[in-house]
Amino acid sequence: MLLLVLTPTVQAGHVIMTGGPALKRWEQLRVKPDRHDNWWANFIRASTIRFTHIRHKSPQAKITWLVYRPGYVTRSQEDAKPYIQWIKDLGKKYNTRLVWVDSADEAITQLNSVPKRTGELVESFYYFGHSNSHAFMLDYGNQIMAVSLEWIHETDLNKIDSSIFTRTASCWSYGCYTGESMSYWWRKFLGVPLWGNTKSTRYAPVSNGMLPEGAGEWVNGATLLDDR
């Protein structure tokens, strides 16, 4: 007798991690080419564009939205606008599970808990925010000019549980310079590629409903750039 063994289909969901904006009072002290975040919602708008892409493909997909709250609290105070409420409204509009985080450690903890909370592995992970070659900078130019106080460094990636991802997870960083080093260590620690750009990331396209564009090459962490 031939026995047919059925393997259960792995349910999968999506995670978007969104960093905070800089404050204008600091950015206005910098020379124009180096200024960031003239618009408070660059990272928020990019996140909602990603939501629409997911919903177009899978209307019932589970989306977890991790947002660094302190940056939007202070920018809201500076601009005298209810950004926190607007973000909550967007979370409801796109039917996401909005999770506020107040630190990098909390962001990692919440990321690791996604399968437990949703019953689904992570099929895609997208990061929108400030970064450099070696870290996601959830906070940048908000508390102190041109300084980050909350970051996920490439040496912190071993704190992320690699088992939360599907084997074919699609991971992307739309922060600047991630492809130079962090993409390599993400792949090494977590076993899935992280596509990142080798140069700066430009957020102007989000105003036209498109994801940010990279000024350099998109790489997936197969090698360190120095080893090419």
Side-chain angles (χ1 to χ4, degrees), residues 8-21 40-73 82-131 136 138 150 152 157 159-175 178 186 190-196 201 203 205-213:
T9 301
V10 176
Q11 298 296 310
H14 306 268
V15 175
I16 289 85
M17 183 182 293
T18 306
W40 74 277
N42 280 322
F43 306 143
I44 298 297
R45 177 64 181 127
S47 300
T48 63
I49 292 169
R50 174 59 185 157
F51 298 158
T52 61
H53 291 175
I54 295 171
R55 290 280 172 246
H56 179 74
K57 182 178 179 181
S58 181
Q60 302 305 316
K62 291 185 179 179
I63 300 174
T64 299
W65 190 16
L66 306 178
V67 181
Y68 180 68
R69 174 167 40 194
Y72 293 98
V73 169
Y83 295 148
I84 297 299
Q85 186 57 53
W86 290 356
I87 294 170
K88 289 180 180 178
D89 293 342
L90 287 169
K92 291 180 180 177
K93 176 181 177 180
Y94 291 97
N95 190 25
T96 73
R97 186 174 71 86
L98 173 61
V99 179
W100 297 106
V101 297
D102 294 331
S103 69
D105 284 343
E106 187 178 359
I108 292 175
T109 297
Q110 292 294 342
L111 175 59
N112 284 338
S113 71
V114 167
K116 183 184 297 184
R117 290 177 179 270
T118 67
E120 300 185 340
L121 296 179
V122 178
E123 177 182 344
S124 75
F125 171 89
Y126 276 57
Y127 172 72
F128 299 105
H130 291 291
S131 72
F136 296 150
L138 299 181
E150 290 292 336
I152 299 175
L157 294 178
K159 298 177 183 177
I160 299 175
D161 183 355
S162 62
S163 69
I164 69 174
F165 297 98
T166 66
R167 293 181 180 179
T168 57
S170 176
C171 301
W172 288 77
S173 168
Y174 283 89
T178 316
W186 178 283
L190 303 180
V192 292
L194 174 72
W195 290 92
T201 308
Y203 274 76
V206 304
S207 298
N208 296 317
M210 297 181 293
L211 288 175
E213 62 184 18

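We number each residue from 1, following the sequence as shown.
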**Request:** Please examine the side chains of F128 and N42, heavy atoms only from C-beta on, and report whether any two atoms are closer than 4.5 Å.
**Result:** no

Using residues 114-124 as the side-chain source, report each donor-acceptor pair under 3.5 Å to any protein atom, sequence neighbours left out, with the distance given to one decimal.
{"residue": "R117", "atom": "NE", "partner": "S113", "partner atom": "OG", "Å": "3.3"}
{"residue": "T118", "atom": "OG1", "partner": "V114", "partner atom": "O", "Å": "2.8"}
{"residue": "T118", "atom": "OG1", "partner": "E120", "partner atom": "N", "Å": "3.1"}
{"residue": "T118", "atom": "OG1", "partner": "E120", "partner atom": "O", "Å": "3.4"}
{"residue": "E120", "atom": "OE1", "partner": "G13", "partner atom": "N", "Å": "3.4"}
{"residue": "S124", "atom": "OG", "partner": "H14", "partner atom": "ND1", "Å": "2.7"}
{"residue": "S124", "atom": "OG", "partner": "R50", "partner atom": "NH2", "Å": "2.9"}

**Request:** Mind running side chain to side chain contact (heavy atoms under 4.5 Å, CB included) on T18 and Y72 for me, showing each step along the way?
**Result:** CA-CA 11 Å; T18 306; Y72 293 98; 3.7 Å; yes

**Message:** Minimum heavy-atom separation for P193 and C171, please, with both atom names.
**Reply:** O-CB, 3.2 Å

**Message:** Would W86 and W40 count as a side chain to side chain contact (heavy atoms under 4.5 Å, CB included) here? Give the steps.
**Reply:** CA-CA 12 Å; W86 290 356; W40 74 277; 3.7 Å; yes

**Message:** Test of understanding: with ring-ring contact (aromatic ring centres under 6.0 Å, His included), list the residues that count as partners of W100, not counting sequence neighbours.
**Reply:** none

**Request:** Evaluate the side-chain proximity of L211 to P205: yes if any heavy-atom separation is below 4.5 Å, no if none is.
**Result:** no

**Prompt:** Taking N112 for the side chain and D161 for the main chain, is one N or O donor matched with an acceptor at less than 3.5 Å?
**Reply:** yes

**Prompt:** Could you state the interatomic distance from CG (L157) to CG (L190), rounded to the nearest 0.5 Å?
**Reply:** 6.0 Å

**Request:** For residues F136 and S173, report the shortest heavy-atom separation together with the two atoms involved.
**Result:** CE2-OG, 3.5 Å

**Among I164, I63, L66, the one residue meeting side chain to side chain contact (heavy atoms under 4.5 Å, CB included) with V15** = L66

**Item:** CD1 on I84 to CG on D89, rounded to 0.5 Å
**Value:** 11.5 Å

**Request:** Would you confirm whether the ring centroid of Y174 sits within less than 6.0 angstrom of the ring centroid of F43?
**Result:** no

**Message:** On a heavy-atom basis, which atom in G20 and which in H130 lie closest, and how many Å separate them?
**Reply:** O-CD2, 3.6 Å

**Request:** Please step through side chain to side chain contact (heavy atoms under 4.5 Å, CB included) for the pair I44 and Y83, ending with a clear verdict.
**Result:** CA-CA 10 Å; I44 298 297; Y83 295 148; over 6 Å; no

**Item:** Rounded distance (nearest 0.5 Å) linking atom NZ of K88 with atom OG1 of T96
**Value:** 13.0 Å

**Prompt:** Taking all atoms of both residues into account, what is the closest heavy-atom pair of P70 and V101, and its distance?
**Reply:** CD-O, 3.6 Å

**Complete:** By side-chain hydrogen bond (donor to acceptor under 3.5 Å, both in side chains), S170 pairs with (sequence neighbours left out) W172

**Request:** Kindly write out the residues that satisfy ring-ring contact (aromatic ring centres under 6.0 Å, His included) with Y94, not counting sequence neighbours, or none if the list is empty.
**Result:** F51

**Message:** Minimum heavy-atom separation for T201 and G175, please, with both atom names.
**Reply:** OG1-O, 2.9 Å

**Asked** If we ignore angles and hydrogens, is there a donor and acceptor under 3.5 Å between the side chains of R55 and T52?
**Response** no

**Message:** So, using side chain to side chain contact (heavy atoms under 4.5 Å, CB included) as the criterion, who are the partners of A104 when residues are at least two apart?
**Reply:** L138, E150, I152

**Request:** With rounding to the nearest 0.5 Å, note down the distance linking OH in Y127 to CG in L111.
**Result:** 13.0 Å

**Message:** Between W186 and F125 (judged by ring centroids, cut-off 6.0 Å), do the two rings come close enough to count as a pair?
**Reply:** yes

**Asked** According to the salt bridge (Lys or Arg N to Asp or Glu O under 4.0 Å) rule, which pairs have a member within residues 93-111, sequence neighbours left out?
**Response** R69-D102, D105-K159

